[in-house]
Amino acid sequence: MMLELLSVPAVILILGALVLPLIPERIRSTVFIIFPLVALAMVWTMPEGNLLQASFASYELELLSVDKLSRIFGLLFALITAIGGVYAFHIKDLGQQSSALAYAGGTLGVIFAGDFFTLFIFWEIMAAASSYLIWARGTEESAKAGMRYLLVHIFGGGLLFIGILLHLSGGGSLYIESIEPAYTAANIFILLGVALNTAVPPLHAWLADAYPKATITGAVFMSALTTKSAVYVMIRLFPGWEILIWVGVIMAIYGTIYALLANDIREILAYSIISQIGYMVTVIGIGTEIALNGATAHALNNIIYKPLLFMAAGAVIHATGTSKLSELGGFAKKMPLIIGLYMVGALSISGMPFLNGFVSKTMISGAIGDAHLEWPILLLLIATIGTFLHTGLKLPYFTWFSEKKSEFEVSSIPTNMKVAMGMGALFCILFGVAPQLLYSQLPYPTDFQPFSVYNFVEMTQILVLAFVGFWFLKRHLNVSSTISLDTDWFYRQPADIVRTVFVEAPNNLFGTAENGALKLANKLSKFSGNPMKAFLPSFIMEGREVRSDGFTAPISAALAFILFGFLVAILVVLL
Amino acid sequence: MKNWHWIALGSLLIASLILEFTYLADYASHWWNHVPAFYALWGGLGCAALIFISKGLGKIFILSDEDYYDA
């Protein structure tokens, strides 16, 4: 059994996390990259089917369920972990390296889980391992944000687990298969648990709160793994749940508006994740074959260009030490390569033809069009305009091209960071010009053709006019040193009250009770030492103290004499 | 923005409009296909709407001082 476990890609990565501390520092970064590459090769070569079972209590768990959908997600996750490893090649922090591998291992475990228990265990490994990537930043802000992130994810895991238990006790299957759209308590809890990791508002605030505060390299892994693995689970469990159509549209617009307001470059990108996931959630709600293909294709493209954008943002932070638009500006000439690679990712996500975002966004509009839902198409187009505005225009313009807003040094960027970004950009272009590479791996066969005159006309007009709009209205965009209030307000603002009521009040109560109990015990032990003393207190008579618990010297002598007499008598009798 | 940037953007837009009125003249899969240059209008108006709506929402309640949670 132990050896068979080594055929699970997730186990290889988690094993890697455990082995890394034993590897000498100078080759550790290289070894880090080997593990996801091994996992990549394993996922590539695995046959389809349920490959490994394990017994747990009375359940038969499916640890390795491979089909077209799980294989392509697994491949992309392993690939981006390896690319992330290249980006983090210069990092010597063992804790970050190990937790990143364990985190990616958890993700692959979720992808290939065939049953709810396996899914849940790997789901929690992801949450725990990724929290360290926030804490490793080492600032007080990241310590607090990491704790909030962990608590929210524990809450989400709890919702999921309640749902799973209700599902099983209601006679539901242990195995992961699509759930009929019925609003039972079990289904709602599972949906909420998954929705939290998918960052569906109002359960999304952890993402925009934590990602901007994670380490430079940690955020790269996080931007690829958590939300997209949750999208995968949503595709598996909730296809055709119509409520998701409008939930997705709201997500797309919501993320866009917040991204337009954000001042921190990684916060813009974090809100942009929420907006992008909105597209996927919308088509999961439609649930037809082309819709699920569209959701899968868009998720896969996001796994490539989101980390690329976070890598470029990380390069800016690495070079300047700041991430705020209100402080950046005026150094475009100092990092032309980074700007070029960033723009490949930014134009991809905006849906520019011949880049990968275009081939999945057009598929999504096609799927919504086939379902005759006109308004979702128009509203998602608004989100596309917004994506181009904040990721494609606002962020690069105010980071690099606008006038300098504060004094900072621009230090050089390690080559490995540039190489990793180059790899990400390469895949953006590859899937953009040769979409069949991507389409042939989708769960359902498709003959969708993205390169139609209609799609070119549509995207050209949208993007050109959005650019014109930006250019003339850009002074209205927020680049002041502000933060955005979001639904995390509900657990951050009352934190003091919550702490007083739920932590300090019970603490004080227990403290008082404990002190009282100790005092009582102290008194009781003194009392039981000589109860006589309590009933016959000492008093002073004729100038001498008469102690109720003591004896005067003559009485002591008399008692000793009597005892001695007894001893003598016993000796006489015995001898 | 240099002049040739604007010229390039303008020619792209004109090319897309020419295609729309010739090659796609009879194309109709959505109601808005009958509106001339609909996507250009939607792009421009959508952009302005997003900028001003987000600005308004930011003013009303979203944007706060950086030390909001520390104060």
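Chain letters run A, B, ... following the sequence lines, proteins first and then strands; every chain starts at 1.
- Residue with the most contacts toward chain B among A:Thr256, A:Leu473, A:Ile253: A:Leu473 (heavy-atom pairs, distance under 4.5 Å).
- Listed in order of number, the residues of residues 3-12 of chain B that approach chain A to under 4.5 Å between heavy atoms are B:Trp6, B:Leu9, B:Leu12.
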*asked:* Go through it in stages, so that I can follow the logic: the residues are A:Ile268 and A:Leu260, the test is side chain to side chain contact (heavy atoms under 4.5 Å, CB included), and I'd like the CA-CA distance, side-chain angles, deciding distance and then a yes or no.
replied: CA-CA 7 Å; A:Ile268 295 178; A:Leu260 278 169; over 6 Å; no
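- Within 6.0 Å of NZ on A:Lys474 lie more than 12 heavy atoms contributed by other residues, nucleotides or ligands.
- In this structure, chain B has heavy atoms under 4.5 Å from both the backbone and the side chain of A:Trp489.
- Interface check for chain B: of the options A:Leu389, A:Ile377, A:Leu378, A:Leu477, the most heavy-atom pairs under 4.5 Å are formed by A:Leu378.
- Remark: B:Tyr27 OH to B:Glu20 CD distance equals 12.0 Å, nearest 0.5 Å.
- Neither the backbone nor the side chain of A:Ser480 has a heavy atom closer than 4.5 Å to any heavy atom of chain B.
- With a 4.5 angstrom heavy-atom cutoff, A:Phe467 touches chain B only via side-chain atoms.
- For A:Ile257, the parts sitting under 4.5 Å from any heavy atom of chain B are the backbone and the side chain alike.
- Between the side chain of B:Lys55 and the main chain of B:Leu50, no donor-acceptor pair closer than 3.5 Å is present.
- The contact list for residues 455-463 of chain A toward chain B, using heavy atoms and a distance under 4.5 Å, reads A:Val457, A:Glu458, A:Thr460, A:Gln461, A:Ile462 by residue number.
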*asked:* Determine whether A:Met352 and A:Ser350 satisfy the following criterion, side chain to side chain contact (heavy atoms under 4.5 Å, CB included), listing intermediate values before the conclusion.
replied: CA-CA 6 Å; A:Met352 170 89 105; A:Ser350 308; 5.6 Å; no
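- The part of B:Leu24 that comes within reach of chain A is its side chain, from C-beta onward, which places non-hydrogen atoms under 4.5 angstrom from that chain.
- A:Phe470 meets the ring pair (Phe, Tyr, Trp, His ring centres under 6.0 Å) test with A:Tyr397; sequence neighbours excluded.
- By the 4.0 Å N-to-carboxylate-O rule, A:Lys213 lies too far from A:Glu140 to be salt-bridged with it.
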*From CA spacing to verdict: side chain to side chain contact (heavy atoms under 4.5 Å, CB included), A:Tyr491, A:Val152*: CA-CA 10 Å; A:Tyr491 53 81; A:Val152 170; 3.7 Å; yes
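- Between B:Tyr23 and A:Tyr454, the gap from one ring centroid to the other reaches at least 6.0 Å.
- Residue pairs satisfying the salt bridge (charged side-chain N to carboxylate O under 4.0 Å, His left out) criterion with at least one member in residues 481-494 of chain A, sequence neighbours excluded, are listed as follows: A:Asp209-A:Arg492, A:Asp488-A:Arg492.
- Listed options A:Thr384, A:Leu381, A:Val468, A:Asn263 were ranked by heavy-atom pairs under 4.5 angstrom with chain B; first place goes to A:Leu381.
- Between chain A and the options B:Ser64, B:Ala15, B:Gly46, B:Gly58, heavy-atom pairs under 4.5 Å are most frequent for B:Ser64.
- Within 6.0 Å of CD on A:Glu374 lie more than 12 heavy atoms contributed by other residues, nucleotides or ligands.
- The contact between A:Tyr258 and chain B is made entirely by side chain atoms (from C-beta outward), counting heavy-atom distances below 4.5 Å.
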*Test A:His204 against A:Tyr254 for ring-ring contact (aromatic ring centres under 6.0 Å, His included), laying out the working first.*
CA-CA 11 Å; A:His204 67 291; A:Tyr254 190 103; 4.9 Å; yes
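- If you measure heavy-atom distances from B:Trp32 to chain A, the contacts under 4.5 Å come from the side chain alone.
- The ring of A:His390 has its center no closer than 6.0 angstrom to the ring center of A:Tyr271.
- When atom types are taken as modelled, the side chain of A:Lys361 and the backbone of A:Ile349 share a donor-acceptor pair closer than 3.5 angstrom.
- In this structure, the portions of B:Leu17 lying under 4.5 Å from any heavy atom of chain A include both its backbone and its side chain.
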*Please step through side chain to side chain contact (heavy atoms under 4.5 Å, CB included) for the pair A:Glu267 and A:Ser484, ending with a clear verdict.*
CA-CA 10 Å; A:Glu267 196 178 327; A:Ser484 304; 4.0 Å; yes
